J.: 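Before anything else, here's the structure in question.
None of the values given here were measured: they were computed from a predicted structure.
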Amino acid sequence: MGLRETKKQQTRTAIADAALPLFLAHGFDRVTVAEVARHAGVSTNTVFNYFPTKEDLFFDRQSEVEQYLAALVDPLPPGACCPAAAVRDDLCAALGRGDPALGLGPGAADFFRTVEASPALRAREREIGERVETALSAALPPSPTAPLLAGALAGLHRATLRELRRRVLAGDPPATVAADLTAAATAAFAPLCPCQAVSSGSVGRWSGCAVDWCAVGADRAAAPGPEAEAGRPPAGPS
């Protein structure tokens, strides 16, 4: 990024960093954008230039979240036999390392309570979930079943995080929550991808996955394509 873009990103981050403690301490619905602007040392108009709505201030990384699952499957990471495996393995790895982004770090309970207390934030969460699913569907290999399969994958991912939130708010130890949900997610994803072992860097033709996802991945990996002929790595499924 150039200097101007760097400064804009720094301003955006500073505003979001000023907003979150206010929302957590006083509740999202009670804090005004004007209060956020005062704490950030900018004008109210400046806040709205970076965040069109107050919900955008709270979910300041919304665009990253909306594209996250799509980025996992397009292209498939090395060793993932199908999109279901890619989503499952990433989720279980994040649970295994206690990733704070999932809500396993300090302060997660306060964040979750703030969301639960605000109808506006819960509504925005639902919108984000719909956009996650739409982006994932577009990233899957084109087929009549892609929207349904995207719904299944996004739904399982969302349900896992919803249960994580419930357990964290109930006061369960993060390590216990992570271990329990890793096992539960692995079992829940099995109907879509029963391949529990990750291949050693090459995509294989596995049997049993939904709509033969694995065979699609194997066929694409086996075909050299123009990129390989030109000495470039294949772009992967789109």
J.: Are Val42 and Tyr50 close enough, and set up right, to give a side-chain contact (heavy atoms from CB on, under 4.5 Å), and what steps lead you there?
T.: CA-CA 11 Å; Val42 299; Tyr50 286 92; over 6 Å; no
J.: Apply side-chain contact (heavy atoms from CB on, under 4.5 Å) to the pair Leu149 and Leu136, showing each step before the final yes or no.
T.: CA-CA 9 Å; Leu149 294 169; Leu136 178 58; over 6 Å; no
J.: Walk me through whether Val87 and Leu156 qualify under side-chain contact (heavy atoms from CB on, under 4.5 Å).
T.: CA-CA 10 Å; Val87 174; Leu156 282 174; over 6 Å; no
J.: Roughly how far, to the nearest 0.5 Å, is the CG atom of Leu153 from the CZ atom of Arg88?
T.: 11.0 Å
J.: About how many Å separate CG of Leu72 and CG of Leu69, when rounded to the nearest 0.5 Å?
T.: 6.0 Å
J.: Between Ala188 and Pro191, which heavy-atom pair has the shortest distance, and what is it?
T.: O-CD, 3.2 Å
J.: Enumerate the ring pair (Phe, Tyr, Trp, His ring centres under 6.0 Å) contacts for residues 111-145, please, sequence neighbours excluded, ordered by first and then second residue.
T.: Phe58-Phe111
J.: Can you list every side-chain hydrogen bond (donor to acceptor under 3.5 Å, both in side chains) pair that touches residues 169-181, not counting sequence neighbours?
T.: Arg167-Asp172, Arg167-Asp180
J.: Taking it one step at a time, do Tyr68 and Arg61 satisfy side-chain contact (heavy atoms from CB on, under 4.5 Å)?
T.: CA-CA 11 Å; Tyr68 188 80; Arg61 296 185 176 179; over 6 Å; no
J.: Would you check if Leu104 and Leu95 make a side-chain contact, meaning some heavy-atom pair closer than 4.5 Å?
T.: yes
J.: Of the non-hydrogen atoms in Val73 and Ala139, which two are nearest, and what is the gap between them?
T.: CG2-CB, 3.8 Å
J.: Measuring only between side-chain heavy atoms, which start at C-beta, is Phe23 closer than 4.5 Å to Val36?
T.: yes
J.: Using every non-hydrogen atom in the two residues, find where Thr186 and Thr182 come nearest and quote the distance to one decimal.
T.: OG1-O, 2.8 Å
J.: Which pair of non-hydrogen atoms, one from Leu57 and one from Ile15, has the smallest distance, and what is that distance?
T.: CD2-CG2, 3.6 Å
J.: Mind jotting down which residue pairs meet the ring pair (Phe, Tyr, Trp, His ring centres under 6.0 Å) criterion with at least one end in residues 113-154? Sequence neighbours excluded, please.
T.: none
J.: Rounded to the nearest 0.5 Å, what's the gap from CG on Leu161 to CG on Leu91? Could you check?
T.: 6.5 Å
J.: Kindly give the heavy-atom pair with the smallest separation between Ala84 and Phe189, and that separation in Å.
T.: O-CD2, 3.8 Å
J.: If you look only at pairs with a residue in residues 145-168, which of them pass as a ring pair (Phe, Tyr, Trp, His ring centres under 6.0 Å), with sequence neighbours excluded?
T.: none
J.: Checking Arg165 side chain against Glu116 main chain: does a donor-acceptor pair fall under 3.5 Å?
T.: no
J.: Salt bridge check: are Arg166 and Glu163 linked by an N-O gap of less than 4.0 Å?
T.: yes
J.: With rounding to the nearest 0.5 Å, note down the distance linking CD in Gln10 to CG in Asp17.
T.: 11.5 Å
J.: Can you tell me how far OG1 of Thr11 sits from NZ of Lys8, rounded to the nearest 0.5 angstrom?
T.: 9.5 Å
J.: Verify the distance criterion only: is there a donor paired with an acceptor across the side chains of Thr46 and Asn49 at less than 3.5 Å?
T.: no
J.: Looking at Arg30, I'd like to know if its CZ atom is crowded, meaning that more than 12 non-hydrogen atoms belonging to other residues, nucleotides or ligands lie closer than 6.0 Å.
T.: no
J.: So does Leu148 get a backbone contact from the side chain of Thr145, meaning a donor-acceptor N/O pair under 3.5 Å?
T.: no
J.: How would you list, by chain and number, every residue that makes a side-chain contact (heavy atoms from CB on, under 4.5 Å) with Ser118, sequence neighbours excluded?
T.: Phe28, Asp29, Ala120, Leu121
J.: In a table with atom names and distances, give each donor-acceptor pair under 3.5 Å that connects a side chain of residues 127-134 to protein atoms at least two apart or in another chain.
T.:
unit_1: Glu127; atom_1: OE1; unit_2: Arg124; atom_2: NE; d: 3.4
unit_1: Arg131; atom_1: NH1; unit_2: Glu66; atom_2: OE2; d: 3.2
unit_1: Thr134; atom_1: OG1; unit_2: Glu130; atom_2: O; d: 3.0

J.: Shortest non-hydrogen contact from Val168 to Gly103?
T.: CG2-O, 3.7 Å
J.: Could you grab the distance from atom CG of Asp89 to atom SG of Cys81, nearest 0.5 Å is fine?
T.: 8.0 Å
J.: Please answer whether the main-chain N or O of Gly2 pairs with a side-chain N or O of Glu5 as donor and acceptor at a distance below 3.5 Å.
T.: no
